[in-house]
2 protein chains.
Amino acid sequence: MVSGRASRGRRRGSPDTRAQILAVARSRFLADGYAKVTLRSIAAEADVDAALISYFFGSKKGLFGAVLGLLANPPDVLAAALPGDPATLPERVLRAMLGTWDDPERGRQLAFMVRAATQDAELMGLLRDVVGREMIDRIAEQVGGPDARHRAAAAGAQLAGVIFGRYILAVEPLASMTADELIAALAPGMRAVLYRRPRPASRRTM
Amino acid sequence: MVSGRASRGRRRGSPDTRAQILAVARSRFLADGYAKVTLRSIAAEADVDAALISYFFGSKKGLFGAVLGLLANPPDVLAAALPGDPATLPERVLRAMLGTWDDPERGRQLAFMVRAATQDAELMGLLRDVVGREMIDRIAEQVGGPDARHRAAAAGAQLAGVIFGRYILAVEPLASMTADELIAALAPGMRAVLYRRPRPASRRTM
DNA sequence: ACTACATTTCAACCATGATGAATAAATCCG
DNA sequence: CGGATTTATTCATCATGGTTGAAATGTAGT
């Protein structure tokens, strides 16, 4: 808590100060979000001068970006769930997604990243690319057929909705349903969207 | 820009300063978000002393809340779309939702509110209540039957996904599909989720 | 050892949100 | 109308927080 350091200049040995700042920042940002956390508090907890953060990361946003980089990782969970019997693809994908997000630590990180993305245009662009390329395009090439991308986009929207509703917004009953209940409720919809051929769109209601 | 006012005390006449501050704040918040906008810049644009904002609204958050109150409005669009032939309910609901969000001004406001909600726990709670009560519960009582709430939640998740994917994240191809294409792609899924009886869940795949 | 470079502390800056006192207009009440 | 009270407004000032620049001190290269 109390740093009480006196001497100026470089410390002895090779203390990985940068990594330590990053670790503290990670835990503080995850716990309290971006705005509430002050650089000075991070510096204090890391037993380091606040100016060091600017030195290493340029700015508070820079530090935040570094933390995000620490967290960012490819969504290969989805990729692993795609191959297999097309008839049960929705179940596999949903189970994979729910499994990842329901893990407490992992889910906290992912939710945090989504929240962060809604606050910053640049991060939003990043997330957009990842979702578009790694999720929708992958699903599209798996299902194939006419309108593959449109179908995949619809399925992606369903996944996004579960994520937003259950993990970000935490709205009932989405938040408290079990994974099996969710899969039972959602899989038919995803199957319909992916594999049912749309009717010719003539004769629309209303 | 330059206020240049000298005299202290109350102004002459009955200038509705409060409303003017609110108007400026609204446009600035909508344009640049919460964090980027400074009270002083709002005050300058409204040709008003910055302290007046604290006087009228208590704090920056208070001002923000007032702006949100200005924007907040019940989702009766959905309510109006619910009654009618159950077979085409998904089409009606989707069309109503897309119509509202595709309106530029209205869509900007709604997207803004969702973004705001992801930044503040209190606002998040508010949005959660609205979505839970005004959307999911309404849909549930409309479809009825066993598991009505679960089915409604699944449908709500699909709607939320479209909103998040198309209007917040703006991911392709969701963002550029026409309303008709989206309805064609999504309605079967929503119909399946609302009206298809789930299979008994025995004999699960994987 | 000397020099170049990396790391660290300290002091200060400046912008921001907030507060309190002083002042002036508007309103109320006789 | 005239004083008391309430409401609106300005100014000065504070505390906090991100950022910067200079100085100090270590480490590495030659």
Side-chain angles (χ1 to χ4, degrees), chain A residues 1-26 28-29 31-68 116 119-120 122, chain B residues 1-26 28-29 31-68 116 119-120 122:
Chain A
M1 226 54 77
V2 104
S3 70
R5 152 183 320 289
S7 85
R8 232 154 144 132
R10 188 172 192 152
R11 296 184 180 186
R12 311 208 150 246
S14 50
D16 198 347
T17 310
R18 197 191 131 98
Q20 188 179 348
I21 293 175
L22 214 49
V24 172
R26 189 191 105 105
R28 301 279 285 108
F29 278 146
D32 297 333
Y34 180 79
K36 281 198 225 258
V37 177
T38 76
L39 289 189
R40 283 173 159 96
S41 79
I42 294 179
E45 191 173 331
D47 195 19
V48 147
D49 190 282
L52 264 186
I53 300 182
S54 291
Y55 174 71
F56 280 123
F57 301 97
S59 67
K60 188 182 181 184
K61 285 193 95 116
L63 175 60
F64 191 72
V67 168
L68 281 186
Q119 304 183 17
D120 181 87
E122 197 179 341
Chain B
M1 229 58 72
V2 106
S3 71
R5 150 187 313 288
S7 86
R8 231 156 144 129
R10 188 174 190 148
R11 296 186 181 183
R12 312 215 147 240
S14 49
D16 198 348
T17 311
R18 198 191 130 99
Q20 187 179 348
I21 293 175
L22 214 48
V24 172
R26 190 192 102 104
R28 301 280 284 109
F29 278 145
D32 297 334
Y34 180 79
K36 281 198 224 257
V37 178
T38 77
L39 289 189
R40 282 173 160 95
S41 80
I42 294 179
E45 190 173 331
D47 194 20
V48 146
D49 189 284
L52 265 184
I53 300 182
S54 291
Y55 175 70
F56 280 124
F57 302 97
S59 66
K60 188 182 182 183
K61 284 191 93 115
L63 175 62
F64 191 72
V67 168
L68 281 186
Q119 304 184 18
D120 181 86
E122 198 179 341

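Chain letters run A, B, ... following the sequence lines, proteins first and then strands; every chain starts at 1.
Note that CG of A:L39 and CG of A:D49 are 11.0 Å apart. Values are rounded to the nearest 0.5 Å. Put simply, CZ on A:R18 and CG on A:L63 are 9.5 Å apart, with the number rounded to the nearest 0.5 Å.
Atom CG of A:D49 is separated from atom P of D:dG18 by 13 Å (rounded to the nearest Å). Between the CD1 atom of B:I42 and the P atom of C:dT16 there is a distance of 12 Å, rounded to whole Å.
Within the structure, ring pair (Phe, Tyr, Trp, His ring centres under 6.0 Å) contacts touching residues 38-62 of chain A (residues at least two apart or in different chains) do not occur. Within the structure, no pair that satisfies the salt bridge (charged side-chain N to carboxylate O under 4.0 Å, His left out) test touches residues 51-60 of chain A, not counting sequence neighbours.
For A:E45, the side-chain hydrogen bond (donor to acceptor under 3.5 Å, both in side chains) partners two or more places apart in sequence, or in a different chain, are A:R28. For A:D120, the side-chain hydrogen bond (donor to acceptor under 3.5 Å, both in side chains) partners at least two apart in sequence or on another chain are A:K61.
The phosphate of C:dT8 has OP1 or OP2 within less than 4.0 Å of a side-chain N or O from A:T17.
The side chain of B:A51 has C:dT19 as its nearest neighbour among C:dC10, C:dT8, C:dT19. You'll find that the side chain of B:L39 is closest to C:dG17, out of C:dG17, D:dT19, C:dT9.
Within residues 52-60 of chain B, the residues that place at least one heavy atom under 4.0 Å from DNA chain D are, in residue-number order, B:L52, B:Y55, B:F56.
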